[in-house]
> 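My questions all concern the structure below.
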Amino acid sequence: MSRIAVVTGGTGGIGTATCQALCRQGRRVVATYHAGNHAGAAAWQQAMQAQSFEVAVYPVDISGFVSCQELIGRVTADIGAVDILVNNAGMTRDSTLKKMSVENWLAVINTDLNGVFNMTRQVFDGMLMRGWGRVVNISSVNGQKGQFGQANYSAAKAGVHGFTMAAAQEGARKGVTVNTISPGYIGTEMTLAVAEEVRQQIIAKIPVGHMGTPDDIARAVAFLCDDAAGFITGADFSINGGQHMG
Ligand code: CAA
């Protein structure tokens, strides 16, 4: 029977490529979208079907523990137990620290860091009990090096890898791997929100000379979710065109 994968933010830029890569790997894939955007999710699902990718779509607010609990309850009842979780959903609210509001600090921490706990907590015990699981957390180069104008996002994304390392130790004896992928600047809506001039300055500092594509990240996610990847755990994969070498 095919293993079941949940990709949070599955209808977004990196999320879409990740869902496609996991479908190609033979997984039964569930994409979550932000609660409220039902029409957008339905259109996305149709576009995927047109390319022969069968993906179920479910709404969730990953910043809410109960919302995540309800989501996993529904997925488990409708499709089955979750074997693979890709914590991909995230957001930015960029501003310099001197101007950052409490709301913008909390919004990013609640989604980008607490969301990883809220989701993983629902599926981790089941993975341990069944003796197999894959969790991949999408962090960021800016969690590794910090970024001007992103104190909230850099803090949340750095926290994600601490979570990965702790959970990896708890899963190791039970066939459950937990890894981080830290993408650099990828051509998605999130990076396009950065002012053109600032973005060009950032791209000028990327050794390969351009931003990455969602597929650059999705290929690595699928690699880590492979049945044969059981010896890789607690790692942080930098995929950033050489922008930051730790
Ligand atoms: N280093 C040092 N100083 C800098 C600077 C830098 N990188 N960038 C701007 N400054 C200086 C300016 O020269 C200016 O100086 P003065 O006050 O002396 O004139 C000052 O900082 C401007 O400060 P402000 O608080 O007014 O900042 P702003 O409102 O102009 O810009 C910002 C704030 C919009 C957040 C801008 O800094 C920015 O866009 N930063 C980039 C954020 C970014 O990279 N986001 C990534 C989004 S994509 C993503 O996150 C995905 C992923 O994982 C990679």
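Both ligands and their constituent atoms are indexed starting at 1 by order of listing.
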> Can you find a protein heavy atom closer to atom 18 (O) of ligand 1 than 4.0 Å?
no
> Which atoms of ligand 1 sit under 4.0 Å from any heavy atom of T92?
50 (O)
> Check each atom of ligand 1 against the heavy atoms of V198 and keep those under 4.0 Å away; list them by number with element.
39 (O), 41 (C)
> Can a protein heavy atom be found under 4.0 Å away from atom 2 (C) of ligand 1?
yes
> Tell me yes or no: between the side chains of S154 and N142, is some donor less than 3.5 Å from an acceptor?
no
> Ligand 1 versus K98, non-hydrogen atoms closer than 4.0 Å: side chain, backbone, both, neither?
side chain
> Look at atom 29 (O) of ligand 1 and find which of K99, Q243, Q144 reaches it with the closest heavy atom.
K99
> Tell me the nearest of S154, S140, G90, S182 to atom 52 (C) of ligand 1, using heavy-atom distances.
S140
> In the protein, which heavy atom is nearest to atom 41 (C) of ligand 1, and how far is it?
Q147 NE2, 3.5 Å
> Please identify which atoms of ligand 1 are closer than 4.0 Å to at least one heavy atom of G184.
54 (C)
> Decide whether N179 and T233 meet the rule of one side-chain donor and one side-chain acceptor closer than 3.5 Å.
no
> Just how far is it from atom OH of Y153 to atom CG of D94, taken to the nearest 0.5 Å?
8.5 Å
> Hey, mind stepping through R199 and Q201 against side chain to side chain contact (heavy atoms under 4.5 Å, CB included) and telling me if it holds?
CA-CA 5 Å; R199 195 168 58 247; Q201 285 166 7; over 6 Å; no
> Under 4.0 Å from atom 50 (O) of ligand 1, is there at least one protein heavy atom?
yes
> Calculate, to the nearest 0.5 Å, the distance between atoms CG and NZ belonging to L113 and K157 respectively.
9.5 Å
> Say whether S238 and Q144, considering side chains only, have a donor N or O and an acceptor N or O under 3.5 Å apart.
yes
> Is any heavy atom of the protein nearer than 4.0 Å to atom 37 (O) of ligand 1?
yes
> Quick one: which ligand 1 atoms are inside 4.0 Å of a heavy atom on G149?
35 (C)
> Protein heavy atoms: any of them under 4.0 Å from atom 9 (C) of ligand 1?
yes
> Taking only heavy atoms of T191, which atoms of ligand 1 are found under 4.0 Å from at least one of them?
48 (S)
> Under 4.5 Å between any side-chain heavy atoms of P59 and H34, yes or no?
no
> Looking at atom 40 (N) of ligand 1, what's its closest protein heavy atom, distance included?
F148 O, 3.4 Å
> Is any N or O atom of T96, backbone or side chain, closer than 3.5 Å to an N or O atom of ligand 1?
yes
> Out of N87, N88, D236, which residue meets the side-chain hydrogen bond (donor to acceptor under 3.5 Å, both in side chains) rule with N137?
N87
> For a quick check under 3.5 Å, do Q45 and Q49 share a side-chain donor-acceptor pair by atom type?
no
> Considering non-hydrogen atoms of the protein only, which is the closest contact for atom 47 (C) of ligand 1, and what is the distance?
V194 CG2, 3.4 Å
> Looking only at side chains, do D61 and S63 share a donor and an acceptor under 3.5 Å apart?
yes
> Would you kindly say whether N114 and N110 are connected by a side-chain donor-acceptor distance under 3.5 Å?
yes
> Does atom CD (E189) have a neighbourhood of more than 12 heavy atoms from anything else shown, all under 6.0 Å?
no
> Does the protein put a heavy atom under 4.0 Å from atom 32 (C) of ligand 1?
no
> If you count the atoms of ligand 1 from 1 in the order shown, which ones are under 4.0 Å from a heavy atom of I202?
44 (O)
> Do any non-hydrogen protein atoms sit less than 4.0 Å from atom 21 (O) of ligand 1?
yes
> Polar contacts were defined as any N/O atom of the residue lying under 3.5 Å from an N/O atom of the ligand; does this apply to Y185 and ligand 1?
yes
> Mind checking whether N118 and V116 have side chains closer than 4.5 Å, heavy atoms only?
no
> Looking only at protein heavy atoms, which one is nearest to atom 46 (C) of ligand 1, and what is the separation?
Q150 NE2, 3.4 Å
> Does the protein put any heavy atom within less than 4.0 Å of atom 12 (C) of ligand 1?
no
> Should D227 and R3 count as an ion pair when the cut-off is N to O under 4.0 Å?
yes
> Could you verify whether a donor N or O on one side chain and an acceptor N or O on the other, from T180 and T164, lie under 3.5 Å apart?
yes
> Identify, by atom number and element, the atoms of ligand 1 in contact range of D94, meaning under 4.0 Å from any of its heavy atoms.
35 (C), 42 (C), 43 (C), 45 (N), 46 (C), 47 (C)
> May I ask you to list the atoms of ligand 1 that are less than 4.0 angstrom from any heavy atom of N142?
54 (C)
